[in-house]
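What follows is a single structure, written as structure tokens, with notes after it.
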Amino acid sequence: MEERHYDASDLTILEGLEAVRLRPGMYIGSTGQKGLHHILWEIVDNAIDEAANGFADKIDVRIYKDGSVSVEDNGRGIPTDIHPKTKVSGVEVVFTQLHAGGKFDEHNYSFSGGLHGVGASVTNALSKWLKVRVWKDGKTWEMEFRSYYDEKKKKFESGIPVGPLTDMKQRTKRHGTFVHFMPDDTVFATVNYDREAVMRRLNELAFLNKGLAITFTDERITRNEYYAAGGEEEGEATQLDLMGATEPFSVSYRYEGGIADFALYLTDGKQRLYQKPLYYRTEKDGILVEFAIQHTNEFTESLFSFVNNIPTPEGGFHEIGFRSGLTRMLNDYARDNKLIKDKDANFLGDDFREGLTAVLSIKMKNVQFEGQTKTKLGNPEAKSPVESATVEGLRTLAAEPKLRRSFEEIIKKAQGAARVRVAARQAKDNARAKNSIDNLMLVGKLAASTGKKPELNELFIVEGDSAGGTAKQARIRSFQAILPLKGKPLNVEKKRLDQVLANEELRTLISALGAGMGNEFNVDKINYHKVIILSDADQDGFHIRCILLTFFFRYMRPLINAGHVYIGMPPLYKVYKPNGSVEEYAYDDNELQEKIEKVGRGYLIQRYKGLGEMSAEQLWTTTMDPARRNLTQVTIEDAVAAEDMITTLMGDKVEGRKEFLNRNANFNKQDSFADRMKARKEGTNEEE
Ligand code: TSJ
């Protein structure tokens, strides 16, 4: 038996298990189900480490009927020899000494020491009992620990050896470690392991540790019960059968392809652009880097990254290195193969990552986790090795003749992404140009109302000079004011407050309302209790409406909240009898059918092309007369939707716009907006 050197530097925290009992949360995060799972993962991690070092290829996890759990591997077995200084066995050290760093063995990779890595002693401290069996050098060793209240000492003792590590005098050829423990129900809010969560994690660990066979058995349920309950495991499926009526549910995970199989699993059912994931594994500057790449015809990117088998959904330096390596190599490849012309610009990283599913798994020492959920890798030194491993890996793969097609597909996909990106930018620039200062409308001249009772007053914001003129003729001066807008108002989204104020149109609007704006806005001071946006039912009208709503949302939100903002809905059709006996208005094509049926035989249809083409009489009867018009009160949700629209179309969020363009190639969201508007009509929620 070789010498082991455990000294104080190996065991960074030398405190008793009492501390763990006192503040379990400090060591395992919580005493809920997550904490319960944590004490299992502490044990599993140790077995995984043994496998990662090449000494084990099989791990069995079992949940028993009584709620206890065991983990077994076929590794070298925890050292059983007596520590020269402390005079206790390696096994006892493992289960009674707290070690925070997981730096337990210099000669091997020991990567536990991330989220977990507080050590097996924590599991012992929080268990009612824990039994360990070690098969090593032909011998079988056993040791048991207990936690209990000591009547004499008048205190709680946790993880205390029942006896010394004992040679069971059973000759054996096997080697490995078996640990069986009972979580303490006075510590945990629940001692019920979530089967699905355990299975999900074990499956993930099997993916992350190529070739490792992980078996999970749950004695709490029979095989048939599991399948009858609709259970669906991911490993080798076991069918409903006779034995299944008595045998416990069990499943095995083993992936010869490791994370390459993971990438296939993650893209299951999707249209893959090439059949075999691009997989590479290497070591760079003491960091083990492994990645698997699979593109599909979808548009989103999903990067699943892991550090020491722990998921890092918040990303970090390894992801940064991976992304930049991917972009660099693929751009070089595209140039070398004349897939980018000499004069043309490189692809952006985004282009290469459209439809990408990738798994990145690295293993390194002294990991630093950061971020909100401590799942972001904070080690800057990880970036460069991961980047060069990625470049090297992809170059190696690209040199393989049978993978040529895969790289061509990736470049082809990037070309598509780049085309959309360029088109989106063009659309944005065009939209910007239209909203530039030169194109701003001239001062809309307010035709104020003569009445001085704000509760009765209405302000119509009307699109276009011509419609504005008509509205001025049609209105009742005593309570209706008209503010015509010519062209499109300033795009509120892109401008700072001072620029908004510099715009005459909006200044007129602000002063007409007479209640200030921004922080100064006082809804009690408004001159009009109804602010009605009247715009055409076309693209421009829709745009103006969105911009105004965005303006109100940003600078006069209480106006919307108090229900003062409305959308006026001019009808699209009039259905009538020539003798004037009936007259019905339809606001969309569906309604037109209804109205035709209502008017009956001998009907005529008049179609309104826009506000500007209506007579004052028509505008009054259909859109402005409180008795007959069709107003929709704007809710804060409508304003949010309008703002989203503006942000997506005009703003800088490239991602959102790309997706938006993909969904709505014709920019037309008006119909659904109008449909929602129609659901709420004036009168149902009016304040007067
Ligand atoms: F967590 C645990 F400690 F309880 C535990 C450890 C649980 C399980 C199921 C397995 C293990 C474990 C530990 N499996 N394999 C090992 N290996 C060692 O501890 C070991 C063995 C030999 C040597 C050596 O240098 O000879 C070094 C180590 C760390």
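These numbers were taken from a predicted model, which means no experiment stands behind them. These values consider heavy atoms only, across backbone and side chains, with no hydrogens, waters or symmetry-generated copies. Each ligand, and each atom within it, is numbered from 1 in the order the structure gives.
Residue contacts with ligand 1 include Ala120, since one of its heavy atoms falls under 4.0 Å from the ligand. Distances from ligand 1 to the non-hydrogen atoms of Phe55 include no value under 4.0 Å. The shortest separation from a heavy atom of Gly77 to ligand 1 is under 4.0 Å, placing the residue in contact.
At a 4.0 Å heavy-atom cut-off, ligand 1 touches Val94 through the side chain alone. At a heavy-atom distance under 4.0 Å, only side-chain atoms of Phe95, from C-beta outward, approach ligand 1. In Val179, the part holding a heavy atom less than 4.0 Å from any atom of ligand 1 is the side chain.
When only interatomic distances are considered, the shortest N/O to N/O separation between Lys136 and ligand 1 does not fall below 3.5 Å. Considering backbone and side-chain N/O of Glu72, none are found under 3.5 Å from N/O of ligand 1.
The contact set between ligand 1 and Asn46, taken as ligand atoms under 4.0 Å from a residue heavy atom, comprises 1 (F), 2 (C), 3 (F), 5 (C), 6 (C), 11 (C). Each of the atoms 18 (C), 19 (O), 20 (C), 21 (C) of ligand 1 lies under 4.0 Å from some heavy atom of Pro79.
A salt bridge links Arg220 to Asp218: at least one charged side-chain nitrogen sits closer than 4.0 Å to a carboxylate oxygen. Look at Glu142 and Lys131 and you find no salt bridge, because none of the NZ, NE, NH1 or NH2 atoms lies under 4.0 Å from a carboxylate O. Between Lys210 and Glu290 there is no salt bridge, since no side-chain nitrogen of the basic residue lies less than 4.0 Å from a carboxylate oxygen of the acidic one.
You'll find the side chain of Ile310 stays beyond 4.5 Å of the side chain of Val367, heavy atoms only. Contact of the Phe216 side chain with the Asn203 side chain is not registered, since no non-hydrogen atoms from C-beta on lie closer than 4.5 Å.
More than 12 heavy atoms of other residues, nucleotides or ligands shown are found within 6.0 angstrom of NZ on Lys413. For NZ of Lys155, the number of neighbouring non-hydrogen atoms (other residues, nucleotides, ligands) closer than 6.0 Å is greater than 12.
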